[in-house]
Protein chains: 2
Amino acid sequence: MNVRTLCLSILHDGDATGYEIRRLSVEGECSYFVEASFGSIYPALARLESEGLVSSRLEQQDGKPTKKIYSITPAGRDAFVQELSAPMGEEVFRSPFLLFARFAHLLPRELVAARANDYLAVRQEKHRIVAEAMETPSLNACDAWVINYGRAIMGVAEEYLRTHMDDLIKLGRAEPNKDAAE
Amino acid sequence: MNVRTLCLSILHDGDATGYEIRRLSVEGECSYFVEASFGSIYPALARLESEGLVSSRLEQQDGKPTKKIYSITPAGRDAFVQELSAPMGEEVFRSPFLLFARFAHLLPRELVAARANDYLAVRQEKHRIVAEAMETPSLNACDAWVINYGRAIMGVAEEYLRTHMDDLIKLGRAEPNKDAAE
DNA sequence: GGGGCGCTATGTCGGACCGATATATGTCGG
DNA sequence: CCGACATATATCGGTCCGACATAGCGCCCC
């Protein structure tokens, strides 16, 4: 799942600028399983345009910088379907928090507690965004399926964390001052 | 959570070669939230050694290539704890399957069914690995917490997929021959 | 009223990381 | 007997992220 495909997928649902693609990938209903940065979106769009898979038009705005609005072309739609039909990449899940949690016994209890609370807040926020996305009026059936899947998983993640984080915090070191205590 | 920290975390629990670090990160009990490739492990180990955070010794074996066994140094342990105490990176979840699922309505039903079945198999395998990891005899409390967290989430993911994948497959296109049907 | 911050908007650049490939060798199955 | 696979180290091209550069406008607070 490269950035090219991500851009095509967003443009498939409607025109957008590079900036909007970024925002949708980070804050949108699907931000829990796709994401891309400016540093890869803009070059990807430029390359897609040079290949004729997207087209662009400039739009002046007063008070704001000029926008470069991209549209997907028929060739782009074909290429997108082709890309979806080709073998997929692997799923990626990387969690710095879980790596941290594995070594909670090395770290002061206050730090473990702070991190666990931060992580819970992040999970709750993500869960809220996905739950809210289900309220979208014009939601196609595929999007609804994906959102429900995400909501089911996030719901459990949040609940497990909420009910078990105290166990993890108790594993943190009680006396952070003694260095050779372990 | 860079590859350097990942290497230190594995060496913290015992000596290993670059090859073994790779295998642990891909097949081990924590492979569901950490992973790294050879292309980043070997350079990372070389750099860690030049900085004195790990040391290495060569071990001849007959029938197999010479191994280069790495050990973490006291300075390496300090640096590891330091790194865990520093602000963490964001969690990453990228799912090509969910992007595919969002556009199931564009794709032939047989393809959707095949992909859903493949994905279910992958999820079941991952779930099995984590569930099995709980049986490990010498399991410290932190690892147990992390594994249980993963098991809870993977259990729900697998079950949701198993009970709802038919709904997704039904959203696939029934007649893949008509191109202009959409 | 002015200074700083944040938002919209495009884009570049260094560095991190993946995936494929190269190299060498030994085992095991067909 | 040959290819596939496992062990083991290492490099390289290309992708992608994160930080930075640029720039005009609105908003808030002092």
Side-chain angles (χ1 to χ4, degrees), chain A residues 1-8 10 15-27 31 33-51 54 56-70 83 86-94 96 99, chain B residues 1-8 10 15-27 31 33-51 54 56-70 83 86-94 96 99:
Chain A
M1 192 203 50
N2 48 15
V3 175
R4 283 166 54 84
T5 314
L6 171 63
C7 290
L8 289 177
I10 289 173
D15 295 356
T17 66
Y19 187 82
E20 286 166 346
I21 290 175
R22 157 75 179 177
R23 194 156 44 78
L24 284 170
S25 86
V26 171
E27 297 167 22
S31 65
F33 66 88
V34 285
E35 207 174 310
S37 68
F38 291 128
S40 42
I41 287 172
Y42 284 115
L45 286 170
R47 207 183 120 196
L48 286 168
E49 188 167 22
S50 78
E51 291 170 6
V54 305
S56 72
R57 60 181 192 279
L58 293 175
E59 196 174 287
Q60 251 86 18
Q61 307 177 110
D62 30 75
K64 288 175 187 172
T66 302
K67 284 201 288 190
K68 198 171 175 182
I69 303 172
Y70 288 93
E83 206 118 19
M88 295 186 307
E90 292 280 298
E91 196 162 272
V92 175
F93 177 56
R94 303 287 156 84
L99 183 64
Chain B
M1 189 203 52
N2 49 15
V3 175
R4 284 166 54 86
T5 314
L6 171 63
C7 289
L8 289 178
I10 288 173
D15 296 357
T17 66
Y19 188 81
E20 286 165 347
I21 290 174
R22 156 75 178 176
R23 193 156 44 77
L24 284 169
S25 86
V26 172
E27 298 167 22
S31 64
F33 66 88
V34 285
E35 206 173 310
S37 69
F38 291 129
S40 42
I41 288 172
Y42 284 115
L45 286 169
R47 207 182 121 198
L48 286 168
E49 187 167 23
S50 79
E51 291 170 8
V54 306
S56 70
R57 60 182 192 279
L58 293 175
E59 196 174 286
Q60 250 87 16
Q61 309 178 109
D62 30 77
K64 287 176 189 174
T66 302
K67 284 202 289 191
K68 197 167 173 182
I69 302 171
Y70 288 92
E83 206 117 20
M88 294 186 308
E90 291 280 296
E91 195 161 273
V92 174
F93 177 56
R94 303 287 156 86
L99 182 64

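Each chain gets a letter, A, B and so on, in the order its sequence line appears, and its residues count up from 1.
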- Task: Using only side-chain N and O atoms of Lys68(B), determine if any of them is under 4.0 Å from OP1 or OP2 of dT9(D).
- Result: no
- Task: Would you indicate, yes or no, if dT9(D) has its OP1 or OP2 atom less than 4.0 angstrom from a side-chain nitrogen or oxygen of Thr66(B)?
- Result: no
- Between Tyr19(A) and dT8(C), does any side-chain N or O lie under 4.0 Å from OP1 or OP2? yes
- Message: So, OP1 or OP2 of dT7(D): does either fall under 4.0 Å of a side-chain N or O from Thr17(B)?
- Response: no
- Between dA8(D) (P) and Leu58(B) (CG): distance, integer Å: 13 Å
- Asp15(A) CG - dA9(C) P separation (whole Å): 14 Å
- Task: In whole angstrom, give the distance that lies between atom CD1 of Ile69(B) and atom C1' of dA8(D).
- Result: 12 Å
- Is there side-chain contact between Lys68(A) and Arg57(A), with at least one heavy-atom pair below 4.5 Å? no
- Message: In this structure, how many angstroms lie between the P atom of dT7(D) and the CD atom of Glu59(B), rounded?
- Response: 16 Å
- Is a donor on one side and an acceptor on the other found under 3.5 Å between the side chain of Glu20(A) and the backbone of Thr17(A)? yes
- Angle class for the Phe38(B)/Tyr19(B) ring planes (parallel below 30°, perpendicular above 60°, tilted otherwise)? parallel
- Does the side chain of Leu48(A) reach to within under 4.5 Å of the side chain of Arg4(A), using non-hydrogen atoms? yes
- Item | Consecutive Watson-Crick or G-U pairs in runs of at least 3, all under 3.5 Å, in which DNA chain C is involved | C:1-30 with D:1-30
- Could you give the CG-to-C1' distance, from Leu45(A) to dC16(D), as a whole number of Å? 14 Å
- So, for Leu99(B) and Phe33(A), which heavy atoms are closest and what is the spacing to 0.1 Å? N-CE1, 3.4 Å
- Query: Is the closest side-chain donor-acceptor distance between Glu35(A) and Ser25(A) under 3.5 Å?
  - Reply: no
- Query: What distance separates Ile41(A) CD1 from Ile10(A) CD1, expressed to the nearest 0.5 Å?
  - Reply: 7.0 Å
- Task: Sugar-phosphate means primed atoms, P, OP1 and OP2; the rest is base. With that split, encode nucleotides 15-24 of chain C 5' to 3' as B, S or - using protein heavy atoms under 4.0 Å.
- Result: --SBB----B
- Provide, to the nearest angstrom, the distance between the CD atom belonging to Glu20(B) and the C1' atom belonging to dT7(D). 10 Å
- Message: Does Glu51(B), at its CD atom, have more than 12 non-hydrogen atoms belonging to other residues, nucleotides or ligands within less than 6.0 Å?
- Response: yes
- Item | Distance in angstrom units between Arg57(A) CZ and dT10(C) P, rounded | 12 Å
- Message: Quick check: do Glu91(B) and Arg94(A) have side-chain heavy atoms less than 4.5 Å from each other?
- Response: no
- Item | d(CD1, Ile21(A); P, dC17(D)) in whole Å | 13 Å
